[in-house]
Amino acid sequence: MEKFHLASIEQAIISIIILIIIAIDLSRTFKRSMLRSRLLAFIVINIFYLTFNFIIDDINIYDSGSKYLIYSIWIIYYSLEISLRASLFLCMEYLMCSKISISTNIEYVCLIFHFITLFLIISTPFTHLLFYVGKDLKIVYMPLYFLVDFTSYFYLIISVLRGIYCAIITPNKRERRIYILMLIFLALPYVTLFSKLDLWDGTTAISILIFYLIIQHENISKDPLTNLNDRTYLNQDIEKMLVSNLRKRTALLMIDGDHFKQINDNYGHLEGDKSLIRLAKAITEGTKNLRFVSTARYGGDEFVVCFIESYDREAEVVASRISSKLKEFNIMSNSGYEFNVSIGIAKYDDTIKNAKDFIKAADAKLYDIKNSRENK
């Protein structure tokens, strides 16, 4: 028993260290900000959850003789448990490009069970609705305690069912493979519950590591100069939006640097590179709060932003924001020249059948803008 207990401690510590490393790497390298915040929340909650799981299993908190300490530990533990599945649910919904993730208000509505149960957990020292600490300092569970398990597994089951549904209906083989791997990631830790081995901590860390590597693999196609995505997966990202239920709200921006060749000719290619980096930074800043967004350097001084609008004419607002940010960065750089952009905006209609059509439509809008300027 002593060796097994030691192995459990080592497993918990190693698992927590793995998750901390993933969290640090995620915060430094992952570029899709909305998904990054969800994944980071999920991993951080996992770290605290494993830590408290270790405290409860390996440290006898009942020896303290303090009801307040016992209440505090269990309130934090159960709060983390339900928050863990809720954060996983949000990650899965975002990865599956669902209608839930398009609106923060809809997300809040979907988390109503979580908020209610969280309130009951926090208030249980006063209400004793879920559990209470008896005179012998042992936890006594009340009939409403089932809400903790119900809320926790409700979000887990919904995530699994949504993953299965998306894996079945998606026509894209790459997307189907990702959904299947996500389902394996979800199932692996729970498989260990049916075994006699204490492997929860280890399998949880390994599953999250595998899941993170899958997502990073999909995210490795980066332009080395601007650090934006290159066009490798751009078409797949656009196609994903076009087959979603929200395709009618999809917008695509084709962004082209004005007189970029003159900058290269007059100031040199190194200065031209700096101007592209400023533009990429402006695009990143201008799109950081968007959901379901794909940004990419299309080639040369051309960039593409494709996203699903959350309100009418959001594409025009985003285009204006990118231009404004670029002007700010130009002033800060003291470059001695003005670098502006032209932006063609295309929105989904019945003539757009695929990513190629969408890019072509935005490119035509960009061409019209440049022509109208030259003719003035």
Side-chain angles (χ1 to χ4, degrees), residues 15 18-50 79-115 118 151-167 170 174-190 203-219 233 237 240-241 244 246 288-294 307-308 310:
S15 300
I18 290 173
L19 293 182
I20 290 173
I21 292 172
I22 295 173
I24 293 171
D25 186 69
L26 175 62
S27 64
R28 290 178 61 250
T29 63
F30 206 77
K31 297 302 176 184
R32 296 185 180 184
S33 58
M34 297 304 293
L35 177 57
R36 180 177 65 179
S37 63
R38 284 161 172 75
L39 283 174
L40 195 57
F42 174 61
I43 292 171
V44 170
I45 292 172
N46 259 290
I47 292 170
F48 283 106
Y49 180 71
L50 292 180
S79 299
L80 288 170
E81 184 177 37
I82 65 169
S83 299
L84 183 63
R85 271 72 180 213
S87 64
L88 173 62
F89 167 76
L90 293 180
C91 285
M92 292 291 288
E93 290 302 312
Y94 189 94
L95 288 168
M96 291 182 286
C97 202
S98 79
K99 190 178 291 187
I100 290 173
S101 292
I102 198 69
S103 167
T104 303
N105 292 332
I106 296 176
E107 286 183 342
Y108 287 150
V109 170
C110 290
L111 293 177
I112 190 69
F113 291 123
H114 172 262
F115 292 133
L118 189 61
T151 303
S152 180
Y153 286 99
F154 171 77
Y155 289 109
L156 178 65
I157 291 170
I158 292 297
S159 297
V160 171
L161 293 177
R162 291 274 297 136
I164 293 173
Y165 173 75
C166 289
T170 182
R174 172 173 162 260
E175 296 291 337
R176 184 178 295 112
R177 177 174 60 85
I178 294 173
Y179 293 142
I180 291 172
L181 289 172
M182 285 194 297
L183 288 171
I184 294 172
F185 148 76
L186 283 174
L188 184 58
Y190 294 92
T203 52
T204 298
I206 291 171
S207 296
I208 294 174
L209 176 60
I210 293 171
F211 183 61
Y212 179 63
L213 291 175
I214 292 167
I215 295 176
Q216 281 289 43
H217 175 71
E218 299 302 317
N219 199 49
Y233 289 131
D237 287 341
K240 180 178 180 179
M241 297 183 202
S244 74
L246 302 171
K288 65 180 180 181
N289 293 321
L290 296 178
R291 296 163 183 251
F292 306 147
V293 61
S294 179
F307 66 100
I308 295 176
S310 57

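Not measured: the values here are computed from a predicted model. For this chain, numbers begin at 1 and follow the sequence in order.
- Around the CZ atom of Phe115, the shell of radius 6.0 Å holds more than 12 heavy atoms that belong to other residues, nucleotides or ligands.
- Taking CD1 from Ile24 and CG from Leu40, the interatomic distance works out to 10.5 Å, rounded to the nearest 0.5 Å.
- Under the ring pair (Phe, Tyr, Trp, His ring centres under 6.0 Å) criterion, Tyr155 pairs with Phe89, not counting sequence neighbours.
- Not a single donor-acceptor pair under 3.5 Å links the side chain of Asp25 to the backbone N or O of Ile21.
- Looking at every heavy atom in both residues, Tyr179 comes nearest to Gly163 through CB-O, 4.0 Å.
- Here CD1 of Ile158 is found 11.5 Å from CE of Met92. Values are rounded to the nearest 0.5 Å.
- How far CG of Leu111 is from CD1 of Ile82: 10.0 Å, rounded to the nearest 0.5 Å.
- Shown here for Ser79 and Ser83, the closest heavy-atom pair between the two residues is O-OG, 2.7 Å.
- The two residues Phe292 and Leu246 make their nearest non-hydrogen contact at CE1-CD1, 4.0 Å.
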task = Please step through side-chain contact (heavy atoms from CB on, under 4.5 Å) for the pair Phe42 and Leu90, ending with a clear verdict.
result = CA-CA 9 Å; Phe42 174 61; Leu90 293 180; over 6 Å; no
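- Partners of Ser152 according to the side-chain hydrogen bond (donor to acceptor under 3.5 Å, both in side chains) rule, which considers only residues two or more places apart in sequence or in another chain, are Arg85.
- Of all heavy-atom pairs between Ser294 and Asp237, the closest is OG-OD2, 3.0 Å.
- For the atom pair CD1 (Ile157) and CZ (Arg162), the distance works out to 15.5 Å, reported to the nearest 0.5 Å.
- Partner of Ile47 under the side-chain contact (heavy atoms from CB on, under 4.5 Å) criterion, out of Ile43, Leu50, Ile45: Ile43 alone.
- Between atom CG of residue Asn46 and atom CD1 of residue Ile18 there is a gap of 12.0 Å, rounded to the nearest 0.5 Å.
- Separating the CG atom in Leu156 from the CG atom in Leu161 is a distance of 9.5 Å, to the nearest 0.5 Å.
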